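Given the structure is predicted, the values throughout are model-derived calculations rather than measurements.
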Amino acid sequence: MAFKKTLLAASVAALLVGTAMSAQACFTVVVGKDASATGEILVGHNEDNDRRIITSQYWVPAATHKKGEMLVYEPTAAKIPQVEKTLGFWWTQTLAPDGYSFSDGFVNEAGVVVVSNNCGDTVEKDESVNNGGIGYGIRRIVAERAHTAREAVDIAIELTTKYGYTHEGRTYTFADRNEAWQIALLRGHRYLARKVQDNEISFLANSYSFTKVDLSDKENFIASPDLIEHAIKIGTYKPAKAGDYSDFNFREAYQPDRRRAADWNKQRVQTFMKVMTGKMPEDHNAIPQSIIPKDKVTVQDIQKVMRAQSDQVDRSVAGWHLYDLRDIGNIDTHDSVVFKMAHDPLLTVAWRSNARPYETAYVPAFPLAGPAAAQSFMDPKTGTQAQFHATAEQLGYSIDRNVYTFVLAQQFLDWMPDLREDVIEGIEDFEKSKAEQLPGIESRAKTLATVDRERARRFLHEFNVLNYNEALGAASRVLQKAAQWDVFVTRDTLSLSDEKGTVDVVLFSKKGFDATKLDQSVTEFGSAWSDGNDELNRQRAKPVKVAFKDVNGDGMQDAVITFPVKGAVATTFEGVNTELFLFTKVNGKPVAGYDTVKIVK
């Protein structure tokens with residue numbers, strides 16, 4: 001076997017219509033324009049998913065399509081006729097081994113934002129759909145066709161009514177420069193949409209937030225025709241007075257209380273309330289669907305919310321800085337974004353993290369100007385084809401794919417508290433400087449746009465690219481600083497079916513570093529991605545034996561650590577070239593490194 005060293009050495013999934021649905025933990029905040037410090041609608045969203053997630057940013061140009069073209073997304077979903085002309089859009093892709101139907105984010109050239117939250121565990125489980133129903137298509141078709149948030153609601157209703165929704169329950173947020181709407185979809189053909197009021201902040205984790213519903217208010221509510229009658233029929237709602245539906249509560253009628261009471265829902269909305277109001281209601285059913293803030297809300301206020309962590313979580317377990325599912329910014333937050341919806345969509349700003357927001361800076365960009373080419377490793381057409389048919393190669397580790405620089409850096413930071421504190425301080429300085437720079441950039445772009453909008457777009461694109469490069473450079477420096485130790489896995493492949501085998505991992509000594517001082521009691525080896533329960537991968541292998549020998553002939557004793565293969569491959573996927581981490585302590589100091597292997601059946 002060729003001797004190999006790494007250069008740097010330093011995700012509940014479920015199946016639905018043949019593809020994986022997104023995990024249980026997302027969080028969304030919508031600030032009405034009258035509640036916003038800038039007079040612009042703000043949308044904050046954390047996209048949380050378990051296990052291996054590869055993100056890319058694309059600009060998909062506006063297009064003209066041939067008559068008869070059909071849209072095909074999930075293999076078992078309905079085929080949907082394409083329209084003649086589609087809008088261009090910024091697409092944040094969530095690429096996963098099984099394919100994710102409910103996680104991608106969009107901003108189209110009309111300035112319409114699309115995000116969503118899993119609100120599963122509803123009373124609707126067996127409702128029928130037509131021709132396979134619709135799932136992923138909701139978000140993508142809205143991005144291609146909607147010129148306003150209100151039109152996005154109409155499109156979602158039309159698709160849900162015609163095809164039927166495949167997921168058990170979800171809330172979509174659509175926003176533009178003038179208004180924001182949220183629509184709760186149930187499996188089958190039922191829905192409820194609500195307009196976010198200009199003076200309020202709407203928020204939700206992963207349960208329905210809509211409470212009292214006035215269906216006579218046609219400007220602010222849109223519901224499927226039999227929404228209330230169906231709830232009465234199935235026994236989840238009984239009006240206090242026959243024929244008077246003023247006491248109808250959507251979330252109580254269509255979602256079991258256990259979903260709202262679950263700690264990873266309850267504590268996240270409690271944390272939001274504490275950050276924004278200073279108070280934390282104990283009764284989860286007393287938490288409203290929205291609040292009216294005392295003070296005007298800034299982008300930075302929403303960034304603070306999206307990073308917020310529950311004070312009810314014990315962070316002291318085994319030396320890890322744990323990102324619990326009870327945190328708004330948690331272990332599976334792979335994409336966090338705060339939108340500032342400008343009057344001119346070209347000037348809409350997206351502050352986006354490139355990994356967990358608590359360990360990664362929010363980087364401002366103008367979505368309609370397009371992302372840096374380096375923010376993706378496929379073209380949009382290939383990315384679309386890969387959404388539900390990703391190959392092992394597309395999902396495999398490669399440091400040439402910039403997303404891994406951000407992901408690897410955060411894996412080290414979880415285990416290295418001193419470095420994490422330095423990074424957080426640097427993030428604060430970066431974001432402050434960008435916030436100060438942004439008004440000048442917006443002003444210059446406005447001036448250019450009055451003369452030549454394409455020239456203004458190119459100017460903003462350059463801003464996007466330079467900001468991304470700056471953030472990438474910062475992550476690279478973190479990774480190089482963290483990568484002080486060489487780790488070598490003595491096998492090129494590991495098998496998912498190897499229940500009893502072992503693998504040797506070498507931690508090399510070097511001048512000033514004695515690997516024989518390794519603390520076996522805190523040593524782990526395996527995937528640094530989360531497990532299928534959105535938690536720290538607790539299945540990682542523990543040592544069964546440690547020996548000391550000079551492996552590379554430099555006259556120094558190295559640590560050769562033997563691990564069970566079973567734990568080493570936990571939460572990995574067949575066929576994927578995977579980075580596996582060694583976490584340990586040497587002389588009491590946290591040490592981490594990784595090497596790559598191919599996972600086989």
Can you tell whether the side chains of [X] and [Y] come within less than 4.0 Å, N to carboxylate O?
X	Y	value
Arg356	Glu359	yes
Glu40	Arg177	no
Arg307	Glu431	yes
Arg259	Glu168	no
Lys195	Glu219	no

What are the two closest non-hydrogen atoms of [X] and [Y], and how far apart are they?
X	Y	value
Ser353	Tyr362	N-CD2, 3.8 Å
Ala449	Ala456	N-CB, 3.7 Å
Tyr73	Ile141	OH-CG1, 4.2 Å
Pro81	Tyr163	CD-OH, 3.5 Å

Between [X] and [Y], is there a donor-acceptor pair closer than 3.5 Å when you use the side chain of the first and the backbone of the second?
X	Y	answer
His45	Met306	no
Gln289	Phe203	no
Asn464	Pro371	no
Arg170	Cys119	no
Asn130	Gly133	no
Thr450	Thr447	yes
Arg457	Ala369	yes
Asn467	Pro364	yes
Asn108	Val112	yes
Ser476	Leu472	yes

Inset, instruction - Given side chain to side chain contact (heavy atoms under 4.5 Å, CB included), test Val107 with Phe366 step by step and report yes or no. - result: CA-CA 10 Å; Val107 188; Phe366 295 85; over 6 Å; no
Inset, instruction - Verify the ring-centre separation between Tyr165 and Tyr191: is it less than 6.0 angstrom? - result: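 Judged by ring-centre distance (under 6.0 Å), Tyr191 and Tyr165 do not meet the cut-off.
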Inset, instruction - Step through it carefully: locate the ring centre of Tyr254, locate the ring centre of Tyr208, and say whether they are under 6.0 Å apart. - result: no
Inset, instruction - Kindly determine whether Glu127 and His189 satisfy side chain to side chain contact (heavy atoms under 4.5 Å, CB included), including the steps that lead there. - result: CA-CA 8 Å; Glu127 294 294 307; His189 305 272; 5.9 Å; no
Inset, instruction - Check whether the side chains of Gln197 and Ser290 place a donor and an acceptor atom closer than 3.5 Å, and report yes or no. - result: no
Inset, instruction - Answer yes if the side chains of Thr384 and Arg140 hold a donor-acceptor pair under 3.5 Å, and no otherwise. - result: yes
Legend entry - CZ/Arg458: more than 12 non-hydrogen atoms of other groups inside 6.0 Å: yes
Inset, instruction - Have a look at Arg190 and tell me which of Asp226, Thr122, Thr160 forms a side chain to side chain donor-acceptor pair (under 3.5 Å) with it. - result: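 One option only clears the test, and that one is Asp226.
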Legend entry - Name of the residue among Lys598, Arg52, Arg401 meeting salt bridge (charged side-chain N to carboxylate O under 4.0 Å, His left out) with Glu579: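 Exactly one option meets the salt bridge (charged side-chain N to carboxylate O under 4.0 Å, His left out) with Glu579, and it is Arg52.
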Inset, instruction - Carefully, step by step, assess Glu442 and Lys340 under the rule salt bridge (Lys or Arg N to Asp or Glu O under 4.0 Å). - result: CA-CA 12 Å; Glu442 292 169 318; Lys340 183 171 73 74; 3.0 Å; yes
Inset, instruction - Take Arg453 and Glu109, measure what salt bridge (Lys or Arg N to Asp or Glu O under 4.0 Å) needs, and give me the verdict at the end. - result: CA-CA 13 Å; Arg453 285 187 68 82; Glu109 63 179 303; over 6 Å; no
Legend entry - Verdict with reasoning, Asn354 to Tyr468, per side chain to side chain donor-acceptor pair (under 3.5 Å): CA-CA 9 Å; Asn354 290 281; Tyr468 176 74; 5.2 Å; no
Inset, instruction - Give me the ring orientation class for Phe250 and Phe210: parallel if the planes are under 30° apart, tilted from 30 to 60°, perpendicular past 60°. - result: tilted
Inset, instruction - Please assess Asp214 against Lys218 for the test salt bridge (Lys or Arg N to Asp or Glu O under 4.0 Å), listing each intermediate value before the final yes or no. - result: CA-CA 8 Å; Asp214 181 3; Lys218 303 299 184 182; over 6 Å; no
Legend entry - Arg139 vs Glu47, salt bridge (Lys or Arg N to Asp or Glu O under 4.0 Å): CA-CA, chis, key distance, verdict: CA-CA 14 Å; Arg139 63 204 324 112; Glu47 187 59 49; 5.0 Å; no
Legend entry - Residue of the set Tyr58, Trp59, Phe106 for which ring pair (Phe, Tyr, Trp, His ring centres under 6.0 Å) holds with Phe89: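 Checked Tyr58, Trp59, Phe106 against Phe89; only one passes ring pair (Phe, Tyr, Trp, His ring centres under 6.0 Å): Phe106.
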